[in-house]
Amino acid sequence: MAMSERTRTILIVVTAVAALASGGLLIARNIGGESPAGEETRLRDVIDSDTGVILRDYPIKHGSSFPWKNPKTGKNSLYPAERCFWTRDGKAKTEPTLVFVKAYANSDEETLCPDCGRKVVPHNPTPPDSLMLDAAEQVQRKR
Ligand SMILES: [Zn+2]
């Protein structure tokens with residue numbers, strides 16, 4: 001029985017969201033066992049609070065807490081990069097904007113996404129599934 005286009009899209013979205021959520025993708029990558037014994041790391045996207053530079057797949061030692069040291073500047077200014085999937089016109093997108101959330105640096109100031117202007121918080125929630133699905137369909141249509 002052939003899958004409908006809609007069913008296939010839902011499967012793609014579910015897989016993508018599952019991979020993005022809670023760094024599941026990173027855990028999967030680490031199963032390969034690249035790290036030497038006693039140096040358990042996991043990879044995640046981090047952002048420099050001084051420069052705004054994003055480092056993808058930065059290896060974080062198990063049990064260590066941020067701010068982590070930026071090897072390029074020698075400063076402890078790396079924080080978890082939060083993902084914002086919103087667009088300015090209230091839709092979702094599949095490629096998130098990575099944002100430094102000031103709360104991670106113990107600031108009371110709220111953080112607004114530089115792309116859409118929405119508030120971004122630690123463990124930032126994704127837009128509703130229906131919007132994520134629409135975004136995925138848009139991407140498919142462009143292919
Ligand atoms: Zn945004």
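Note that the structure is a prediction, hence the values are computed from the model and not measured. Both ligands and their constituent atoms are indexed starting at 1 by order of listing.
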Are Ile47 and Leu78 side-chain neighbours, meaning at least one heavy-atom pair lies under 4.5 Å?
no

Asp115 and Lys93 ion-paired at < 4.0 Å:
yes

Using the ring of each side chain (for Trp, its six-membered ring), is Tyr104 parallel, tilted or perpendicular to His123, with breaks at 30° and 60°?
perpendicular

Contact check, side chains of Pro80 and Trp68, non-hydrogen atoms, under 4.5 Å:
yes

Same cluster for Phe85 and Leu98 if Ile/Leu/Val/Met/Phe/Trp/Tyr side chains link at under 4.5 Å?
no

Taking the side chain as every heavy atom from C-beta outward, state whether Pro71 and Tyr58 have any atom pair closer than 4.5 Å.
yes

For the Zn ion (ligand 1), state how many protein N, O or S atoms fall inside a distance shorter than 2.8 Å.
3

